Amino acid sequence: MLTVTECFDETRVKKRKVEELVLSIESENPFIFPLSFFTCDSLVVLDLKYNSILCLPNTISFPRIKILRLTNIEFVNENLTGELFSNCPILEGLCLFDCDFVDDFKVLCITSGTLKHLSIINCCLFHQTLKVFTPNLLTIKYAAELPADFVLGRFLSLVEADIQISNNRAQPRLYAPIIKLYQRLFNVKLLKTSGSSFQCLTAANILLANLSTFCNLVCLEVSSAFCSWMGPHASFVFVYEDIFVVSPTLA
């Protein structure tokens, strides 16, 4: 793991066929990534924590990356951000944690034919449309406020989904996109969700008849957790009381 502070001189770092890089940048000053960083052909795992704007170059290529974790990053260019994901041709795991997007960033597009595991946690997507086209996805975790809209492909290989939506009853009209997410989970075998997620369905006046039939569902875990969104840069507040497990195999 490499931690970058104010006294760090990036010109003294030379990559030597690094396969796994955990990089935490704590400097308040803008950090200039070398162009070669975004075209590294040896990286297999990249875990980047950077509490600032990530300026992406026009050329991005990570031919060997399988695991990509991005934390505390602010994205400003939707086209280059989409290329960041699509130019990882063998990407299997993607995690976005506590990331933010400028207001004129309209669409977050995640497209990958190889992605198997996707996590979007505590990200601020209130003004953005989230597009996900990952036909071979096995697991998805979404723990955040709802985006402005969902545009989702078919998750025919999906096995497990964990959905934790924050609730704001003062703006029920904002919860309409939630049905688009649940409709794409029809093939899932294990579904985990929370009390606040059900509150969002209620706030959006969605009838159970409007949801997809979960033909392959083996286990449903519903917690009495209520997730509240305290502000544009605040974290979720989770209150766990009980977890109810429903499994046809145990009936």
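None of these values were measured; they are calculated from a predicted model.
With a 4.5 Å cut-off on side-chain heavy atoms, Leu48 and Thr71 do not count as touching. Here the side chains of Asp41 and Lys17 are in contact, with some heavy-atom distance below 4.5 Å. Looking at Lys189 and Phe214, their side chains never come closer than 4.5 Å, going by heavy atoms from C-beta outward. A 4.5 Å side-chain heavy-atom check between Val188 and Asn216 finds every atom pair outside the cut-off. Taking the side chain as every heavy atom from C-beta outward, Phe85 and Leu96 approach each other to under 4.5 Å. Two residues are said to be in side-chain contact when any heavy atoms from C-beta on lie closer than 4.5 Å; Leu54 and Val76 fail this criterion.
Residues Gly93 and Leu115 share a closest heavy-atom pair of N-CD1, 3.7 Å. Considering every non-hydrogen atom in both Ser157 and Pro135, the closest pair reads OG-O, 3.7 Å. Nearest approach of Ala144 to Cys123, heavy atoms of both residues: CB-O, 3.6 Å.
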### Task
For the pair Leu137 and Leu156, evaluate side-chain contact (heavy atoms from CB on, under 4.5 Å) and give the outcome as yes or no after the intermediate values.
CA-CA 8 Å; Leu137 200 65; Leu156 297 179; over 6 Å; no
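Residues in residues 105-116 take part in these side-chain hydrogen bond (donor to acceptor under 3.5 Å, both in side chains) pairs, two or more places apart or across chains: Ser112-Thr114. The side-chain hydrogen bond (donor to acceptor under 3.5 Å, both in side chains) pairs that include a residue from residues 126-140 are His117-Thr139, where partners are two or more places apart or lie in different chains. Sorted by first and then second residue, the pairs that involve residues 72-83 and meet side-chain hydrogen bond (donor to acceptor under 3.5 Å, both in side chains), not counting sequence neighbours, are Asn72-Asp98.
You'll find the ring centres of Phe150 and Tyr182 outside the 6.0 Å limit. The aromatic ring centres of Phe75 and Phe101 sit less than 6.0 Å apart.
Taking 4.0 Å as the cut-off between side-chain N and carboxylate O, Glu160 and Lys141 do not count as a salt-bridged pair.
Surrounding CD1 of Ile90 are more than 12 heavy atoms belonging to other residues, nucleotides or ligands, all under 6.0 Å away.
Judged purely by atom type and a 3.5 angstrom limit, Thr193 uses its side chain to pair as donor or acceptor with the backbone of Ile163. A donor-acceptor pair under 3.5 Å links the side-chain atoms of Arg184 to the main chain of Gly153, judged by distance alone.
Note that CG of Asp100 is 10.0 Å distant from CG of Asn51, once rounded to the nearest 0.5 Å. Taking CG from Leu152 and CG from Leu185, the interatomic distance works out to 8.5 Å, rounded to the nearest 0.5 Å. From Leu91, atom CG reaches atom CD1 of Ile110 across 9.5 Å, with rounding to the nearest 0.5 Å.
Side-chain contact annotation: Glu19 with Ser42, donor-acceptor N/O pair under 3.5 Å absent.
Taking the six-membered ring where tryptophan is involved, the planes of Phe33 and Tyr50 are perpendicular, since the angle between them exceeds 60° and thus also 30°.
In this structure, Leu217 is a member of the same hydrophobic cluster as Ile140, with clusters built from ILVMFWY side-chain heavy atoms closer than 4.5 Å. The hydrophobic clustering, which links ILVMFWY residues whose side-chain heavy atoms are closer than 4.5 Å, places Leu23 and Leu68 together. Grouping the Ile, Leu, Val, Met, Phe, Trp and Tyr side chains by contacts below 4.5 angstrom, directly or via other members, places Ile53 with Leu108. Phe38 and Val18 fall within a single hydrophobic cluster, where Ile, Leu, Val, Met, Phe, Trp and Tyr side chains are chained together by heavy-atom contacts under 4.5 Å. When the side chains of ILVMFWY residues are joined at heavy-atom separations under 4.5 Å, either directly or via intervening members, Phe133 and Leu138 end up in two distinct hydrophobic clusters.
Each of Ile165, Leu118, Val132 was scored for a side chain to side chain contact (heavy atoms under 4.5 Å, CB included) with Tyr142, with one residue passing: Ile165.
In the hydrophobic clustering, Leu190 connects to no other residue, as no ILVMFWY side-chain heavy atoms lie under 4.5 Å from its own.
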Which donor-acceptor pairs under 3.5 Å do the side chains of residues 59-66 make with protein atoms, sequence neighbours left out?
none

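Listed by chain and residue number, Val45, Asp47, Ile67, Cys95 satisfy the side-chain contact (heavy atoms from CB on, under 4.5 Å) test with Arg69 (two or more places apart in sequence, or in another chain).
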